[in-house]
There are 2 protein chains.
Amino acid sequence: MRREGLLDAAEELLSDQGSSALTLAAVAERAGCSKGGLLYHFSSKEALIKGMVERLIEEFDELVAAQGHDTYTKNYLAATFAAVRSGRIRRWAVVTGASGNPYLLAPLREAMARWHREGLDGEPDPAAAQIVRLACEGLWDVVSHDPGLYDDSRYAELERRLLDLLSE
Amino acid sequence: MRREGLLDAAEELLSDQGSSALTLAAVAERAGCSKGGLLYHFSSKEALIKGMVERLIEEFDELVAAQGHDTYTKNYLAATFAAVRSGRIRRWAVVTGASGNPYLLAPLREAMARWHREGLDGEPDPAAAQIVRLACEGLWDVVSHDPGLYDDSRYAELERRLLDLLSE
DNA sequence: TTTACTGTACCGGCTGGACGGTTTAGTGGT
DNA sequence: ACCACTAAACCGTCCAGCCGGTACAGTAAA
């Protein structure tokens, strides 16, 4: 699917060179196609960014749903660590791409509200769950800016401690 | 000081209208001065953004240093809640402004590495301190996107629980 | 105490270039 | 014949940075 390749190219461009490098010509070149080809799939730059945002949210929701724990927070925790450890941290990049138009950020705001509210009051210890979710959020942020901050053993300990918080 | 007013105007523009609204003309107009006047204080757009980033980091470091606790993490926690509760959450806005050039983000990356490393191994429970700092980071993020997510009592409980984590 | 000069703080019009988007003409697989 | 593009020219808009001014405060010799 060429569409996916174009979204990939746009994300790579964003994380390598920053949001001002996201031009239609650059995305097309990186994806190995022409500007016309890009505009065939995404009729405007806005549509391209919207596509990135939607894919990001969908993929993460799927990853959360694919975990097999008994609470949303535990699934969210596992999904976050899976994503962060895999190294494909496009969240930050996509967000910077969308930061030009508040309108494009709306789905992301909505998703974030959901991620931090969903099933919170049904958990054994809502405050602990809240802290764990916030720490996951922080991890996304920190790792995006400084990928080398934590090594595998740190990740493992961190995940264990966060899981402990949810079962005390 | 006109300089500060220009930085304020730039930040306001970023958080109200997104990063693409950050043009020299718009900043000047919002600050009530001319484009020439703006370029007198900041010789380029890059310099303006650099100014915002630097002020952000300095102010937060000062806020941390002004707290009177016995560990860095506790000071960091108190500073975060003070900033977040005051409603002046410019961090996200400034970052989106700088996201055009990776070069402009460098000081922020450096600061973030510092905030998440400083005195960590000297704390009674480094893993707990790490979690608290990550949760603070997450709080910045979440509150920037969804300011109405938490009310005062939630903040109070959250801060108490995070403080508890540091003294068990 | 007038004059001449210097530096600071600012104004606002202009321009060159980049970028988003359109169009047109054409290609190759199915 | 249609889909999924390619290639390239082109247009209008927007914006950063430049530049030639202006106003004013100090200062210091004559």
Side-chain angles (χ1 to χ4, degrees), chain A residues 1-55 93-107, chain B residues 1-55 93-107:
Chain A
M1 195 69 154
R2 197 56 167 271
R3 241 184 94 96
E4 299 294 313
L6 286 163
L7 291 176
D8 290 341
E11 285 176 355
E12 286 164 26
L13 225 52
L14 281 173
S15 52
D16 291 3
Q17 289 163 250
S19 60
S20 65
L22 190 77
T23 67
L24 295 181
V27 172
E29 195 195 0
R30 180 139 198 162
C33 86
S34 69
K35 211 170 128 181
L38 165 56
L39 285 164
Y40 175 79
H41 289 287
F42 299 96
S43 58
S44 69
K45 191 178 185 180
E46 269 200 7
L48 173 67
I49 298 174
K50 206 174 154 195
M52 278 194 287
V53 170
E54 279 165 6
R55 188 174 74 162
V94 171
V95 170
T96 62
S99 69
N101 274 59
Y103 156 75
L104 292 167
L105 277 173
Chain B
M1 197 68 157
R2 197 55 164 271
R3 242 184 93 97
E4 299 294 314
L6 288 164
L7 291 175
D8 290 341
E11 285 176 356
E12 286 164 24
L13 225 51
L14 282 173
S15 52
D16 291 3
Q17 288 163 251
S19 60
S20 66
L22 190 77
T23 67
L24 295 183
V27 172
E29 194 192 1
R30 181 139 194 162
C33 86
S34 72
K35 232 169 105 175
L38 166 55
L39 285 165
Y40 174 78
H41 289 286
F42 299 96
S43 57
S44 70
K45 193 179 183 178
E46 270 200 6
L48 173 67
I49 297 172
K50 207 174 155 197
M52 278 194 287
V53 171
E54 279 165 6
R55 188 174 74 161
V94 171
V95 169
T96 61
S99 69
N101 274 57
Y103 156 75
L104 292 167
L105 277 173

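A note on names: the letters A, B, ... follow the listed sequences, proteins ahead of strands, and every chain is numbered from 1.
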(request) Check the pair A:Y40, A:R2 against side-chain contact (heavy atoms from CB on, under 4.5 Å), reporting the backbone distance first and the verdict last. (result) CA-CA 10 Å; A:Y40 175 79; A:R2 197 56 167 271; over 6 Å; no
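A:S44 comes within 4.0 angstrom of sugar-phosphate atoms only, judged by non-hydrogen atoms across all strands, and of no base. Residue contacts shown for B:K45 are limited to sugar-phosphate atoms, with no base heavy atom under 4.0 Å away. If you check every strand for non-hydrogen atoms under 4.0 Å, B:L22 touches sugar and phosphate atoms only. Residue A:S34 is in base contact, counting any heavy-atom pair closer than 4.0 Å across all strands shown. Across all strands, B:L38 comes closer than 4.0 Å to no nucleic acid atom at all (heavy-atom distances).
One can place CG of B:L24 at 15 Å from C1' of C:dC11, the figure rounded to the nearest angstrom. The CZ atom of A:F42 sits 11 Å away from the P atom of D:dC5 (whole-angstrom rounding). A:E46 has its CD atom 18 Å from the P atom of C:dC19, to the nearest Å.
Within the 4.0 Å cut-off from OP1 or OP2 of D:dC5, not a single side-chain nitrogen or oxygen of A:Y40 is found. For C:dA9, neither phosphate oxygen OP1 nor OP2 lies less than 4.0 angstrom from any side-chain nitrogen or oxygen of B:H41. Within the 4.0 Å cut-off from OP1 or OP2 of D:dT6, at least one side-chain nitrogen or oxygen of A:R2 is found.
Atom CE of A:M52 sits about 5.0 Å away from atom CG of A:L22, to the nearest 0.5 Å.
In the set C:dC11, D:dG17, D:dT6, the nucleotide with an atom closest to the side chain of A:C33 is D:dT6. The side chain of B:K35 has C:dC14 as its nearest neighbour among C:dG21, C:dC14, D:dC15.
Here the shortest heavy-atom pairing between A:A98 and A:V53 reads CB-CG2, 4.0 Å.
Of the candidates A:S19, A:S20, A:S99, B:S19 forms a side chain to side chain donor-acceptor pair (under 3.5 Å) with just one, namely A:S99.
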